[in-house]
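Along the sequence shown, residues carry numbers from 1.
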Amino acid sequence: MKIAIIGAGSGYMPGVIRGLLHRADDLAGAELAFYDLDAGNLALMARLATNMFAARDASFTVTTHTDLKPALDGAAYIFTTFRPGGMAARHLDEAIPLKHGVVGQETAGPGGFMMACRSVPVLLEIAAHAEPDAWIVNYTNPTNIVTDAVTRNTGIRIIGLCDQFVGDTEMWAGLLGLPYARLEVDWIGLNHATWAERVRLDGKQLDLQALLADLEIPGSGATPWRDPSRMAELAKALGFLPNSYSKYYFFHDQVVDELRAKGTTRAEDIQAMLPGFFAQITEESTKPDPDPSRERGGGEHGEFAIDVICTLHLNESRRVIVNTANNGAISSLPPEAIVEVPSLLTAAGPVPLAQGPLPRAVRGLTQSIHEYERLASDAAVTGSRHLALQALMAHPFVTSKHTAEKILDEGLAAHRAHLPQFG
């Protein structure tokens, strides 16, 4: 069995290697085809993986590729985890909207749109070279739009992944004083726009309204990933649990002010730490039992993806939260919408579990985000500037046609090298 890993030179790769070791017995004998455009980082991660596997007697064969087609030939599973344009492109995604008073974010809003326009053509190329019965297990952002584009424009099977719900569930466990390991939360909606009205402890439904009534709003604790004070404030107002990305919608102008005051984008912050990160990886890669940094992705990122591949391969029948076609699971969204929803995953793929309607307080918002995602997917596929403008105008972050035009014009010009479909 062959697994192609597209983006194997990424800083997230140590977490993927740990995920493979986590399921090494189930994947014994597999070929791992590492692919990346950066030959140096690719060789580094291959060396790291080979030594980590050898230290634990894991029977994987690692091959490396800088040409896409040989990496995909014969692959049953294609794990996509790459960032077209790298951190330099992410910086532009964050900085250009912010210049015009709009949140600059790598997956949501205009920044996410520009990333979608770079990611979608690459995923379509991957799908064109994939084996007819292969599965694409996608982590490349924005995963909802990427999954939609592949689903509607190719015959290749794809599952969109995001482990945001893991971190959010951990955050809410801490805020509500509940044991994370025993919680099950029904996050439903769209990627980075999910909501939860149902929370179970040891399988028993909890009275979320009572828990939120007693919830004290913490005074601080915000990080680049979590904002527990704002999340608690929102939850008490809404009456259910919001996803961490909801702060960009309900506190948009305050977040814009904070991002401007900060002075650097998140991409610039990451770029500043990457030399030290890769230096540590390089040093560890030569050791007989490497212990690479967990600063980028830890183990959860990789373990989730590899668990999904194992569930497909071994027909394990597991409940997971993934991005897939709605098929009526959320009654407030069209059947063909790509939704993030609890699903039963088997070798046949994900079957989304019925959830009923979205919470009324965020129903219209979530439907608007879906319509934006559909337009963004079509724009990314066709290279239509007209559809691209409609997509930006449809997104809740953007409240002005002229602002949408300025962001679009600057974004298309800045990313010209990575947007061949726009001519």
Tell me the closest heavy-atom pair linking [X] and [Y], and the distance in Å.
X	Y	result
V398	A404	CG1-CB, 3.8 Å
A329	V341	CB-CG2, 4.3 Å
R18	D291	NH2-OD1, 3.2 Å
L389	E405	CD1-CG, 3.6 Å
H65	P70	ND1-CB, 3.9 Å

For the atom pair [atom1] ([X]) and [atom2] ([Y]), what is the distance rounded to the nearest 0.5 Å?
X	Y	atom1	atom2	answer
R47	I281	CZ	CD1	11.0 Å
E106	R266	CD	CZ	9.0 Å
L387	L392	CG	CG	11.0 Å
D186	Q355	CG	CD	5.0 Å

Exercise. Considering residues at least two apart in sequence or located in another chain, which fulfil the salt bridge (Lys or Arg N to Asp or Glu O under 4.0 Å) criterion with R363?
Worked result: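 None.
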Any salt bridge linking [X] with [Y]? Criterion: basic side-chain nitrogen under 4.0 Å from a carboxylate oxygen.
X	Y	answer
E170	R226	no
R90	E94	yes
E371	R374	no

Exercise. How are the rings of F240 and W195 set to each other: parallel, tilted or perpendicular (split at 30° and 60°)?
Worked result: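 Rings of F240 and W195: perpendicular, over 60°.
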Exercise. Just wondering, do L375 and H395 contact through their side chains at under 4.5 Å, heavy atoms?
Worked result: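 A side-chain contact is absent here, since even the closest heavy-atom pair is not under 4.5 Å.
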For this session: Could you check T147, N144, N191 and say which one makes a side chain to side chain donor-acceptor pair (under 3.5 Å) with E373?
Result: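 Result for side chain to side chain donor-acceptor pair (under 3.5 Å) with E373: N144.
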Problem set entry | Option among T80, D163, T81 that satisfies the side chain to side chain donor-acceptor pair (under 3.5 Å) test with Y139 |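 Going through the options one by one, the only one that passes is D163.
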Exercise. Applying side chain to side chain donor-acceptor pair (under 3.5 Å), which residue pairs with at least one partner in residues 21-32 are found, sequence neighbours left out?
Worked result: R23-D26, R23-D307, R23-E316, E31-T63
Exercise. Would the F165 and F304 ring centres measure less than 6.0 Å apart?
Worked result: yes
Problem set entry | Donor-acceptor contact present, side-chain S343 to main-chain L345, <3.5 Å |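 Flag not set: sc S343 to bb L345 has no pair under 3.5 Å.
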